[in-house]
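Keep in mind that what you see is a predicted model, and the values were worked out from it rather than measured. The sequence lines fix the lettering, A, B, ..., with proteins before strands; numbering per chain opens at 1.
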Amino acid sequence: MLKIYNSLSRDKQIFTPIDAGKVRMYVCGMTVYDFCHLGHARVMVIFDMVSRWMRASNYEVTYVRNITDIDDKIIKRANENNEAIDVLTQRFIDAMDEDSEKLGIIRPDIEPRATQYVQGMLDMIAKLIEKGHAYQATNGDVFYSVRSFQGYGKLSGKSLEDLRAGERVEVDTFKKDPMDFVLWKSVKPNEPNWDSPWGKGRPGWHIECSVMSAEHLGAHFDIHGGGQDLQFPHHENEIAQSEAAHNCQMANFWMHNGFVRVDDEKMSKSLGNFFTIRTVLEKYDAEVVRFFILRAHYRSPLNYSDQHLDDAKASLTRLYTALRGREVSTNIIDWNHPQAQRFKEAMDDDFNTSEAVAVLFDLAKIKTDESISLLKNLGAVMGILQRNADEFMQGETSQALDVDAMIVARIEAKKAKNFAEADRIRKQLADAGIILEDTPQGTTWRRA
RNA sequence: GGCGCGAUAGCAAAGUGGUUAUGCCACAGCUUGCAAAGCUGUGUACGCUAGUUCGAAUCUGGCUCGCGCCUCCA
């Protein structure tokens with residue numbers, strides 16, 4: 001029985017899908033004006049894990065993750081680069097796909113791009129105006145009137161009074177209420193624009209997700225996810241738009257993953273303390289990064305540092321060491337196995353991947369054929385441990401040294417009791433970052 | 001200022017009103033020609049404080065510290 005922490009109710013709730021056996025999930029994806037950083041990697045990995053577990057639990061999953069391809073920052077970046085907007089966005093979508101694939105992420109079923117849903121946005125805005133939830137201001141922008149929506153603040157736990165009291169709320173004289181947010185921005189010189197009943201312009205950010213989720217999942221769906229920083233105002237605004245337009249609850253469950261931090265501060269574009277996925281992958285194996293993300297609980301903050309990735313690498317290496325040279329009999333999981341049950345209980349408890357990973361280590365220690373097979377097959381559920389162990393431990397890059405020949409030479413030296421020569425060879429390899437391991441089946445090696 | 005989250009051993013990270021989390025790391029033993037890997041053991045863990053309780057690190061209150069949202073952000 002799956003329980004999920006629901007941001008909306010602020011507690012764990014038993015997950016019951018709207019349609020039996022089916023899960024419809026929407027996750028806010030990337031605004032594509034730059035390379036993805038580790039914070040984006042976390043969202044991708046976490047919701048990949050969620051959809052994998054749902055599928056492993058025999059749900060039929062429809063997973064939608066959108067792409068924001070029209071936005072202030074995109075326009076700004078395109079201007080800076082003197083690059084066409086669609087060229088820029090496609091470049092970073094391609095980069096995102098590359099990063100995502102390396103991290104072992106199964107592509108979402110649908111990846112809608114905002115610019116392809118403008119008509120739907122116009123329809124929803126018209127509906128909101130008609131229902132008295134939106135208005136066109138004198139500057140031409142169309143705003144959502146937060147005062148018109150009863151439940152505004154229910155997701156973030158904020159009240160309009162508290163928000164108004166906040167000093168950081170900038171007062172826009174065109175708005176009826178300072179918290180009103182834009183649905184349609186009237187055109188500015190040299191900016192992309194679409195025709196609308198309110199004049200040429202482009203959509204606001206929040207309306208995009210309300211429209212794309214409804215188009216693919218319906219007005220009412222099971223799970224809406226994203227990073228914690230989107231809870232307010234983005235998700236709050238989505239609720240206001242969708243629920244006002246459709247007269248029904250938008251999502252039953254809201255899931256928010258914790259931040260990736262650097263030195264205990266949130267990793268973000270604005271702070272400039274971010275590491276892109278590709279930068280990290282120059283130094284660390286992508287599976288190590290995935291494992292680093294999965295061994296922490298998705299709602300906890302996750303501190304990034306080389307030390308922590310080194311630690312994750314050593315841990316993952318231990319699991320692969322257990323798999324090395326072992327036959328995996330089947331890819332069918334016996335969920336009645338005590339360890340498989342522990343794994344399932346952990347995952348069903350709000351996706352407790354820390355606990356699930358602990359089960360993997362216990363299986364690695366047990367070492368029976370059954371436990372090793374289970375280790376590999378449960379790893380598959382998490383999207384790890386699926387490579388050949390030698391490949392993981394040795395890497396794919398070619399050798400400057402002929403390792404195999406040196407191993408043979410060392411074995412000869414050992415047979416001749418010439419241990420000085422044997423140790424010299426081992427030292428030479430060690431200096432090149434190659435560690436030898438003598439086993440009853442012969443000598444193997446791995447990278448440090 | 002408003003709202004919220006967190007504080008677990010050297011590092012990381014789950015969890016529980018009383019019984020070994022787990023991983024990394026360090027040390028010792030077994031093993032090995034010596035190593036590595038593996039196995040075994042050790043490493044005085046639960047921010048401070050006052051309560052509730054037979055018993056609290058786990059529940060309640062207070063305090064301290066850290067972080068986040070309130071502005072674009074995954």
Side-chain angles (χ1 to χ4, degrees), chain A residues 7 10 27-31 33-34 36-47 65 68 71-73 76 153 156-159 161-170 179 181 205 225-234 236 256-261 264-271 274 291-292 295-297 299-303 305 307-319 321-322 324 342 346 349 352-362 364-365 367 393 413-414 417-420 422-423 426-427 429-430 434-440 443-446 448:
Chain A
S7 302
R10 277 163 272 271
V27 173
C28 290
M30 266 52 78
T31 300
Y33 68 100
D34 204 345
C36 291
H37 60 64
L38 239 33
H40 301 117
R42 193 173 192 192
V43 185
M44 291 196 280
V45 169
I46 291 302
F47 288 99
R65 190 186 64 208
T68 295
D71 156 274
D72 290 355
K73 286 178 178 175
K76 183 165 175 274
S156 54
K158 298 178 191 304
S159 73
E161 284 63 37
D162 295 341
L163 287 165
R164 179 182 285 239
E167 292 177 10
R168 297 165 84 185
V169 175
E170 97 185 53
M179 290 311 298
F181 57 90
W205 176 40
Q228 220 153 49
D229 44 2
L230 298 187
Q231 189 168 352
F232 189 89
H234 184 54
E236 194 71 65
H256 293 100
N257 65 275
F259 297 132
V260 176
R261 296 184 184 173
D264 286 316
E265 272 195 325
K266 177 185 171 185
M267 177 183 290
S268 71
K269 285 283 174 67
S270 31
L271 285 171
F274 61 92
F291 181 73
F292 167 69
R295 71 179 182 158
H297 187 86
R299 283 189 284 116
S300 303
L302 180 62
N303 258 313
S305 72
Q307 189 200 335
H308 296 156
L309 280 192
D310 287 339
D311 184 287
K313 180 186 175 185
S315 292
L316 187 59
T317 300
R318 167 156 170 79
L319 292 178
T321 302
R324 202 173 202 188
R342 268 182 71 207
D349 183 14
N352 190 340
T353 51
S354 293
E355 185 66 29
V357 165
V359 173
L360 300 185
F361 282 103
D362 288 342
K365 183 159 280 186
K367 288 191 170 57
M393 294 167 80
K414 281 174 67 177
K417 302 278 185 200
N418 184 354
F419 294 122
D423 290 350
R426 186 170 63 196
K427 175 74 164 51
L429 285 166
I434 288 164
I435 296 166
L436 296 186
E437 291 175 7
D438 294 334
T439 73
T443 299
T444 60
W445 63 274
R446 66 184 166 90

Q: Starting from the 5' end of RNA chain B, give me the residue, A:H40 or A:A422, whose nearest nucleotide shows up first.
A: A:A422
Q: Assign each of A:L230 and A:L302 to its nearest nucleotide of RNA chain B by heavy atoms, then name whichever residue's nucleotide is nearer the 5' end.
A: A:L302
Would you mind classifying the nucleic acid contact of [X] as base, sugar-phosphate or nothing, using non-hydrogen atoms under 4.0 angstrom?
X	result
A:V27	nothing
A:G157	sugar-phosphate
A:R295	sugar-phosphate
A:L436	base
A:K266	base
A:G258	base
A:M267	base
A:F419	base
A:T321	sugar-phosphate
A:D362	sugar-phosphate
A:Q228	nothing

Closest nucleotide among [options] to the [X] side chain:
X	options	result
A:K367	B:A74, B:C70, B:G38	B:G38
A:R446	B:A36, B:A74, B:C24	B:A36
A:K365	B:G68, B:U40, B:A13	B:U40

Q: State plainly whether the residues A:R426 and A:D423 are in salt-bridge range, i.e. N to O under 4.0 Å.
A: yes
Between [N] and [M], how many Å separate the two [atom1] atoms, rounded to a whole number?
N	M	atom1	result
B:G47	B:A57	C1'	11 Å
B:A12	B:C70	C1'	31 Å
B:G4	B:C11	C1'	28 Å
B:U22	B:A13	C1'	8 Å
B:A50	B:A56	P	13 Å
B:G15	B:C59	P	12 Å
B:G6	B:C46	C1'	14 Å
B:A36	B:A26	P	10 Å

Counting distance alone, no hydrogens or angles: does the base of [N] have a donor or acceptor under 3.5 Å from a partner atom on the side chain of [X]?
X	N	value
A:D162	B:G1	no
A:K158	B:C70	no
A:D423	B:A35	no
A:R426	B:A35	yes

Q) Would you find more than 12 non-hydrogen atoms of other residues, nucleotides or ligands less than 6.0 Å from A:K313 atom NZ? A) no
Q.
Surrounding NZ of A:K367 (heavy atoms of other residues, nucleotides or ligands, distance under 6.0 Å), is the total greater than 12?
A. yes
Phosphate contact ([N] OP1 or OP2) by [X] side-chain N/O below 4.0 Å:
X	N	answer
A:S300	B:A14	yes
A:N352	B:G15	yes
A:K427	B:A35	no
A:R318	B:C39	yes
A:R299	B:G6	no
A:R324	B:A37	no
A:K414	B:U32	no

Q: Please check if the side chain of A:E355 supplies one atom and the backbone of A:A346 the other of a donor-acceptor pair under 3.5 Å.
A: no
Q.
Donor-acceptor pair, distance only, cut-off 3.5 Å: does the side chain of A:H308 make one with the backbone of A:N303?
A. yes
(Q) Taking the side chain as everything from C-beta on, heavy atoms only, tell me whether A:M30 gets closer than 4.5 Å to A:H37. (A) no
**Q.** Side chains of A:F181 and A:E236 in contact at under 4.5 Å (non-hydrogen atoms)
**A.** no
Just the rounded figure in Å: distance from [atom2] of [N] to [atom1] of [X].
X	N	atom1	atom2	result
A:H297	B:U16	NE2	P	12 Å
A:E437	B:A37	CD	P	7 Å
A:L360	B:A13	CG	C1'	15 Å

Q | RNA chain B: stems of at least 3 consecutive Watson-Crick or G-U pairs whose donor-acceptor distances fall under 3.5 Å | A | B:1-7 with B:64-70, B:10-12 with B:22-24, B:25-30 with B:38-43, B:47-51 with B:59-63
**Q.** Counterpart residues, salt bridge (Lys or Arg N to Asp or Glu O under 4.0 Å), relative to A:R261 (two or more places apart)
**A.** A:D264
Q) What class does the angle between the rings of A:F291 and A:F361 fall in, given that below 30° is parallel, 30 to 60° is tilted and above 60° is perpendicular? A) perpendicular
Q.
Could you check whether A:S300 and A:H297, counting side-chain N and O atoms only, form a donor-acceptor pair closer than 3.5 Å?
A. no
